[in-house]
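First the structure, in the form of structure tokens, and then the observations on it.
Start at 1 and go down the list; that is how both ligands and their atoms are numbered.
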Amino acid sequence: MSERTLSEIISCLAGYDPEALPVVQAQQIIREFITPIKETEIINLRDALGRVLAEDIISPINVPAHDNAAMDGYALRAADLQPGTVTMRVVGAVLAGQKYDEKIRFGECVQIMTGAVMPPDCDTVIPQELVDDSAQNSIRFQSELIQQGDNRRFMGEDLAIGKEALSKGTVLRPAHLGLIASLGMAEIPVRRKLRVAFFSTGDELRSPGESLDEGSVYDSNRYTLYGMLTRLGCELIDMDVVPDNPNDLENAFRHACENADVVITSGGVSVGAADYTKKVMARLGDMHFWKIGMRPGRPMAFGRVQSNGKSALLFGLPGNPVAVMVTFYFFARDALLYMMGANTEPLPRIRVKSTSPIRKKTGRTEYQRGLLSRNKEGQLEVSITGAQGSGILSSMAQANCMIVLHHDQAGIQGGDMVDVVLFEGLV
Ligand code: AMP
Ligand code: MG
């Protein structure tokens with residue numbers, strides 16, 4: 001984590017107001033406070049999906065290793081071709097994995113299969129479906145059908161020896177696994193997984209499977225957090241529900257901080273009465289309590305907690321179920337990826353038409369649950385998925401995107417363009 005305290009970072013910011021902190025300023029403070037974990041490990045390629053590459057991969061070989069055929073057909077020298085109908089003698093055949101070493105003479109060709117090494121001097125492949133091969137040991141075709149170099153893959157055209165094939169910080173997707181395999185590497189260096197401890201706070205919370213007594217609610221936040229953190233590729237320490245009392249909370253925070261890189265809690269950070277969460281957080285660490293200019297998700301605690309010489313980053317997310325998801329996606333996600341050593345980029349946004357008007361105040365960022373679909377004309381458009389209260393998870397579950405209405409933006413009319421962030425691919 002940063003050598004600087006949160007207060008030192010904040011003191012460099014013009015116009016810092018913890019009671020009305022714009023989203024972008026909160027994101028900036030978080031980014032300046034955190035540093036990536038350093039430790040790496042060597043793992044099997046098969047285990048590397050979703051992991052963060054720890055070193056650049058330099059190609060140890062040319063891929064492909066030889067010039068080879070891109071189609072089944074006949075390898076020839078384009079210089080031998082004359083305009084019009086051409087007849088060529090077939091002097092041999094070469095299958096994938098084989099070589100044909102003999103030189104060919106004028107007017108000769110070699111039958112070749114996709115991936116087979118090009119015979120010496122041959123520079124072009126005429127595809128099987130363009131030739132008449134009804135005569136024995138010869139083919140006929142129209143020479144206008146091909147040009148020199150057609151259907152030939154060059155040695156090293158995919159990856160050249162000594163060149164960077166992948167840069168460190170890449171979050172490994174299926175294409176990357178295939179690419180690394182094509183270099184013949186069975187093991188690769190990755191950052192160790194980020195350890196994230198998480199728990200819910202509140203006396204009213206019951207876990208699924210328990211009975212629901214008067215006034216209590218089921219703990220849903222630990223399940224959305226579990227889903228989002230799992231997709232992000234973190235190592236999870238699920239610490240259950242912690243009741244609103246100072247002893248239990250202190251024990252939980254200490255245990256979390258001694259065993260994890262990051263602690264994520266939900267609830268107890270608003271102005272509510274029975275909330276000891278904030279007091280315990282403040283006692284254990286360098287914490288700031290923000291009211292962020294956003295909806296949903298106004299209260300959030302951020303900082304670092306310490307216990308017995310260990311420290312961990314802490315996100316104290318709000319309690320309301322949709323606020324938890326929104327603050328996770330727009331603050332924690334980027335921070336965790338950065339700590340994992342990943343090359344992070346701002347979330348991709350697309351601009352689409354809103355089917356209906358949306359009311360909004362300037363001076364805060366609003367996130368609406370949206371359903372992106374195609375209209376009759378085949379154009380993408382977005383509509384809102386029902387009630388937008390910060391506790392209403394059903395409209396979140398129906399949504400496939402978030403509509404982002406920016407800080408300075410006012411309400412919009414139906415038909416106006418809006419920015420949306422898609423859920424799929426988010427983590
Ligand atoms: P708080 O900020 O702790 O006052 O919580 C705000 C609202 O979110 C309250 O209605 C809580 O009951 C609710 N809430 C807090 N934590 C959870 C949770 N883990 N699952 C579902 N609802 C929660
Ligand atoms: Mg609470």
Task: Positive for side chain to side chain contact (heavy atoms under 4.5 Å, CB included) with His407, one of Val23, Val24, Thr365 - done: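 Result for side chain to side chain contact (heavy atoms under 4.5 Å, CB included) with His407: Thr365.
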Ion pair check, [X] and [Y], cut-off under 4.0 Å:
X: Asp240; Y: Arg222; result: yes
X: Asp56; Y: Lys168; result: no
X: Arg192; Y: Glu235; result: no
X: Asp213; Y: Arg206; result: yes

- [ ] Return the protein residues near ligand 1 (heavy atom under 4.0 Å from any of its atoms), ordered by chain and residue number.
- [x]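 Residues Ser200, Glu204, Leu205, Tyr218, Asp219, Ser220, Asn221, Ser266, Gly267, Gly268, Ser270, Gly319, Asn320, Pro321 each place a heavy atom under 4.0 Å from ligand 1, listed by chain and number.
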TODO: Sequence neighbours left out, what passes ring-ring contact (aromatic ring centres under 6.0 Å, His included) with Phe302? Give chain and number order.
DONE: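 With neighbours one apart ignored, the set is Phe33, Trp290, Phe315.
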